[in-house]
Each structure stands twice: as structure tokens, then as C-alpha cells.
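What follows is a single structure, written as C-alpha cells, with notes after it.
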Amino acid sequence: MDRRFLIHVVLAIQLLSVFVSGQTSAATAPSSPSAASQGTPAFDINAAVEAYLAKMPPERRAQSNAYFEGGYRLLLWDFLYSVLVMLLLLRMRWSAQMRDLAERLTPFRPLQTAIYWVQFILVVSVLMFPLSLYEGYFREHRYGLLNQAFSPWMRDQLVGLGVAVVLGTILMVPLFGLVRRLGRNWWVWGSVLMIAFAAFVSLIAPVYIFPLFNKYTTLREASIKDPILSMARANGIPANDVYEFDASRQSNRVSANVSGFAGTLRISLNDNLLKRCTLPEIETTMGHEMGHYVLNHAYKGLVMYGVLIVIGFAFLNWGINYGLVRWGAQWGVRGVSDVAVLPWAVIVFSFYMLLVTPITNTISRTMEYEADLYGLNVAGQPDGEANVDMLLGEYHKLDPAPIEEFIFYDHPSGRTRITAAMRWKAEHLQSANEDEVKRPLFEGK
């Protein structure tokens with residue numbers, strides 16, 4: 001599923017970060033080199049993997065490594081910067097003043113929460129903007145990963161802010177209502193509300209949120225559309241159409257998704273995939289996305305992330321109470337039911353999410369690896385899969401150390417994915433596609 005829009009919402013709302021999360025473990029890693037070589041004698045898995053990795057020129061690979069490794073530091077800087085902003089709201093009593101303004105405007109508590117939230121998200125967005133500008137605009141341009149000029153980029157940020165205002169209001173009003181009604185046990189039902197909210201966002205996103213950022217149209221090329229729908233029918237996916245969206249207005253990254261539930265289900269692929277990839281590469285990509293649907297990853301993810309949410313809300317409850325005892329009077333925060341406590345709640349919950357990053361990444365990485373294997377079995381295009389993995393390597397480090405992969409990767413690394421594809425190919429040599437093997441993927445190759 002393409003969750004790019006959720007990243008903006010999460011950065012704005014902060015408390016939604018559990019859903020977004022989002023590499024070599026015992027469950028997902030390829031076997032050791034000696035074991036990986038146990039294909040048929042006619043096919044050398046390791047040599048095939050190295051041949052695909054060599055398709056990327058050294059300078060491009062160095063750039064990809066630098067970009068992805070820089071993200072490790074940004075993970076920490078994002079957290080520290082957001083903590084600084086939240087402490088500023090508390091220490092300067094801006095949060096308490098926003099609450100006071102909401103109370104002066106209306107005696108109705110739910111409306112007070114909504115008014116406070118609008119003020120909060122606007123102020124936080126302004127204060128966080130310098131870092132967002134660097135990360136999302138200047139840094140992306142520096143690495144050649146953003147196609148937008150400043151004006152359309154800023155338009156997307158404002159749209160994302162609007163989404164955050166609406167979704168945040170939908171979440172915060174009932175959440176603080178539960179806190180006021182339930183008191184000490186608010187966190188139990190609060191975590192249930194968060195899980196339900198995550199499911200709600202997944203349900204409406206394909207139809208009501210994704211189109212705010214990109215234009216979705218029916219895919220017209222029958223030579224591509226028909227094989228995709230054939231795979232969908234064969235795998236029990238109730239889709240009657242395929243959509244394409246204009247991701248090239250933002251970047252050259254290839255992506256696709258099978259997203260939504262029931263009536264909002266959509267099979268979508270971006271125009272970069274259509275422009276940059278061959279039919280075998282498109283088929284294996286869509287097979288991967290269909291794997292997420294058939295393997296019920298959306299539901300399994302809600303359950304697994306839901307466990308982390310419940311634990312996180314218990315930690316949040318403890319952290320809020322601890323902070324209020326020590327500094328509540330200084331901040332002008334009256335108690336856990338006071339909306340002015342939100343900045344402190346963001347700090348506590350963000351710290352928890354930073355701690356469990358390896359866990360959330362492992363959950364996501366494991367499901368992505370399962371979808372890779374499903375896509376190989378559905379499309380039968382291991383060489384197409386390897387080429388797509390190399391294109392994804394434009395902004396993902398292809399060959400990380402095991403501990404690096406475990407901590408920072410929410411998808412399997414390029415080496416892991418290509419090894420899986422070549423291992424599958426070794427057992428299905430009739431699937432070999434020499435055109436894909438020889439196809440140059442990068443300029444100068």
C-alpha cells in the first residue's frame with residue numbers, strides 16, 4: 001500500500017505514527033551464502049545476485065547509500081526537533097493560552113477540543129516548517145528525487161495540513177471525550193479508538209485522500225490492464241478496473257498499491273511504473289501488491305500494530321501523569337483531561353515510537369517479504385522482480401549490514417529481495433528472461 005500521504009499526516013498529528021510504520025531477521029532473511037547456493041547446478045544464485053547489483057553504477061550507489069544513511073540521523077533529529085517545539089509550547093504556556101482561547105469562544109467541550117486542535121496543528125506546522133522544508137524539498141532536490149518546483153510542493157504541504165486538521169479533529173474530539181468520561185482508565189478505550197481510527201483512514205484513503213495529492217484515471221492500455229485484471233481475478237481480488245496516478249509530478253519513484261477495503265478497494269499504479277518498467281516488471285510489482293491483499297496484511301497489521309498501540313497508550317498514561325506531577329503547574333495544564341496536555345503527550349508517545357522502531361519495521365518488513373514471495377509465485381517474473389528492486393535502490397541502500405537492516409528497514413533490502421527472486425528462479429529455470437537480465441536500468445550502463 002502506498003502510504004505517502006499518511007507520512008505527512010503523521011508528522012503533523014504525531015500520535016498517528018504507530019499506523020504509519022513504517023532487514024535481515026531469522027524469519028525474512030535469505031539463507032547464508034553456502035545455503036543460498038543450493039539451487040540447481042546450472043544456476044549460480046550468488047553470481048546472479050551480484051550481476052543485478054552491478055547494474056547500478058558505483059557513483060549512483062554511493063549517492064543512494066548517502067541518502068538512505070542520512071535518514072538514520074534525520075530519524076533522531078526529527079524526534080529532537082519535535083521535542084523542542086513541544087517543550088516550547090509548554091514552557092511558554094502557549095498550549096495553555098490556546099486552551100483558554102478555545103474556552104472563551106465556546107462552553108461546549110467537544111468544540112473546545114476542535115478549536116484547540118486547529119490552533120495546535122497550525123502553530124506546530126509553522127514551527128516545524130524549517131525542518132520540513134529541508135527534508136522534503138531541499139534534500140530531495142539535492143539527491144535528484146523531487147521533480148516539483150517550490151510552488152506545487154508547497155501546495156501539497158498545505159493540502160496535507162488540511163488533511164491533518166480534519167483527521168486530527170476526528171480523532172482528538174472523541175479521544176479527549178473518553179479521557180474526561182473514563183478518567184484513569186482512559187488509555188484502554190483510547191487505544192481501541194486509535195486502532196479503529198487507523199482502520200477508518202485505510203478505508204477512506206484510496207477514494208477520498210490519495211486523489212487530493214494525485215490525479216487518478218482509469219488505465220487505458222489494454223496490454224497492461226488485462227494481465228493485471230487477470231491476475232486479480234485468479235487470486236480472488238474483486239476489482240473491475242485498474243487506475244494510474246500521476247506520481248511523476250512529484251518524483252521518478254516507481255510504486256503501486258492495492259488499497260482500501262470492500263467498496264473502496266482500488267488497484268493503482270503510478271505513471272513512473274508505466275514509463276520506466278517493462279510488462280514483466282509491472283506484473284511482478286502488481287503481484288506483490290495483490291499479495292498484501294490476499295494475505296490479509298491490512299488486517300494482520302492492524303492486529304500487530306494494535307498490540308503496540310495498547311502498550312503505547314499504557315506508557316503514554318504513565319508518562320502524562322509523571323509529567324503533570326512534576327511540571328503541570330509550570331505549564332498551566334490542569335490534568336490529563338486538559339487538551340493543553342497534548343504537547344507533552346506527543347513527546348511521551350514519540351519517545352515510545354522511537355524505541356519500538358525496530359519492532360514496527362520488522363512487522364512491516366516481514367509482510368513485505370511475504371508479498372515478494374507471493375508476487376513471484378503469481379507473476380513468475382524473477383528477473384523482472386530483480387530489476388524493480390534495483391530501481392527501488394535509487395533511494396534505498398541496496399546492501400546494508402544485518403543490524404542496520406533490522407533497525408532501519410521497513411522493507412527488505414535490495415540484496416535480500418533479489419536473492420529471494422534468484423532463489424525462486426533457480427527452482428523455475430523456465431522463467432528466465434534474458435531480455436530482463438540484459439536490460440540496462442541506469443544511464444551510462
Side-chain angles (χ1 to χ4, degrees), residues 10-21 76 78-103 109-117 119-121 123-124 127 168-198 305-357 359-360:
V10 169
L11 290 175
I13 300 180
Q14 295 288 327
L15 292 177
L16 303 184
S17 55
V18 294
F19 181 63
V20 178
S21 328
L76 178 60
D78 286 343
F79 170 72
L80 294 177
Y81 193 92
S82 65
V83 168
L84 179 64
V85 168
M86 297 304 151
L87 286 177
L88 184 65
L89 295 181
L90 293 168
R91 296 294 295 272
M92 300 297 292
R93 290 204 172 202
W94 292 348
S95 183
Q97 292 171 19
M98 290 188 288
R99 174 208 59 210
D100 293 342
L101 175 59
E103 290 177 346
R109 296 295 290 275
L111 191 54
Q112 289 175 5
T113 301
I115 294 172
Y116 172 88
W117 169 253
Q119 297 176 83
F120 173 84
I121 195 61
V123 171
V124 169
L127 295 176
T169 302
I170 293 172
L171 174 63
M172 293 301 165
V173 170
L175 181 59
F176 275 97
L178 284 174
V179 175
R180 289 190 291 267
R181 180 175 294 273
L182 300 178
R184 291 172 52 188
N185 295 322
W186 72 270
W187 63 271
V188 178
W189 288 104
S191 61
V192 174
L193 174 64
M194 178 65 84
I195 296 169
F197 178 77
Y305 289 127
V307 172
L308 293 178
I309 291 174
V310 173
I311 297 172
F313 267 58
F315 179 81
L316 178 62
N317 182 55
W318 171 84
I320 288 176
N321 288 318
Y322 176 82
L324 289 178
V325 170
R326 297 202 61 178
W327 305 294
Q330 299 177 32
W331 298 336
V333 179
R334 302 163 187 158
V336 68
S337 63
D338 184 355
V339 291
V341 79
L342 186 59
W344 179 243
V346 168
I347 292 175
V348 174
F349 202 70
S350 296
F351 177 68
Y352 169 78
M353 290 308 304
L354 189 67
L355 291 179
V356 300
T357 294
I359 300 175
T360 57

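Since the structure is predicted, the reported quantities are computational estimates derived from the model, not experimental observations.
- Remark: Val83 pairs with Phe79, Leu87, Ile347 by the side-chain contact (heavy atoms from CB on, under 4.5 Å) rule, at least two apart or across chains.
- Considering only residues two or more places apart in sequence or on other chains, Ile359 meets the side-chain contact (heavy atoms from CB on, under 4.5 Å) condition with Leu308, Val356, Ile363.
- Under the rule for a side-chain hydrogen bond (donor to acceptor under 3.5 Å, both in side chains), the partners of Tyr322 that lie at least two apart in sequence or sit in another chain are Arg326.
- Counting heavy atoms from C-beta outward, Ile311 and Tyr352 have side chains that approach closer than 4.5 Å.
- In terms of heavy atoms, Trp331 sits closest to Ala96 at O-CB, 3.7 Å.
- Among pairs with a residue in residues 83-98, those fulfilling side chain to side chain donor-acceptor pair (under 3.5 Å) read Ser95-Tyr116, at least two apart in sequence or across chains.
- A side-chain donor-acceptor contact under 3.5 Å links Trp344 to the backbone of Gly319.
- Using a 30° and 60° split on the angle between ring planes, Phe313 and Phe349 fall in the perpendicular class, above 60°.
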Would you tabulate the side-chain donor-acceptor contacts of residues 176-193 under 3.5 Å, counting partners in other chains and residues two or more places apart, or write 'none'?
{"unit_1": "Trp186", "atom_1": "NE1", "unit_2": "Asn317", "atom_2": "OD1", "d": "2.8"}
{"unit_1": "Ser191", "atom_1": "OG", "unit_2": "Trp187", "atom_2": "O", "d": "3.3"}
{"unit_1": "Ser191", "atom_1": "OG", "unit_2": "Val188", "atom_2": "O", "d": "2.6"}

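- Applying the side-chain contact (heavy atoms from CB on, under 4.5 Å) test to Val123 and every residue at least two apart in sequence or in another chain returns Leu89, Met98, Leu127.
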message: One pair to check against side chain to side chain contact (heavy atoms under 4.5 Å, CB included): Met194 and Leu171. What are the steps and the verdict?
response: CA-CA 8 Å; Met194 178 65 84; Leu171 174 63; 4.0 Å; yes
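- Using a 4.5 Å cut-off on side-chain heavy atoms (C-beta onward), Leu90 and Trp327 make no contact.
- Across every non-hydrogen atom of Gly332 and Asp338, the tightest pair is O-OD2, 4.0 Å.
- Under the side-chain contact (heavy atoms from CB on, under 4.5 Å) criterion, Glu103 pairs with Arg99, Asp100, Gln112, Arg334, sequence neighbours left out.
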- request: Take Leu324 and Val333, measure what side chain to side chain contact (heavy atoms under 4.5 Å, CB included) needs, and give me the verdict at the end.
  value: CA-CA 7 Å; Leu324 289 178; Val333 179; 3.6 Å; yes
- request: Carefully, step by step, assess Ile309 and Phe197 under the rule side chain to side chain contact (heavy atoms under 4.5 Å, CB included).
  value: CA-CA 12 Å; Ile309 291 174; Phe197 178 77; over 6 Å; no
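- Heavy atoms only, all atoms of each residue included: Ala114 and Thr169 are closest at CB-CG2, 3.9 Å.
- Shortest non-hydrogen contact noted between Ala345 and Ile320 is CB-CD1, 3.9 Å.
- If you take CG on Leu355 and CE on Met353, they are separated by 10.0 Å, rounding to the nearest 0.5 Å.
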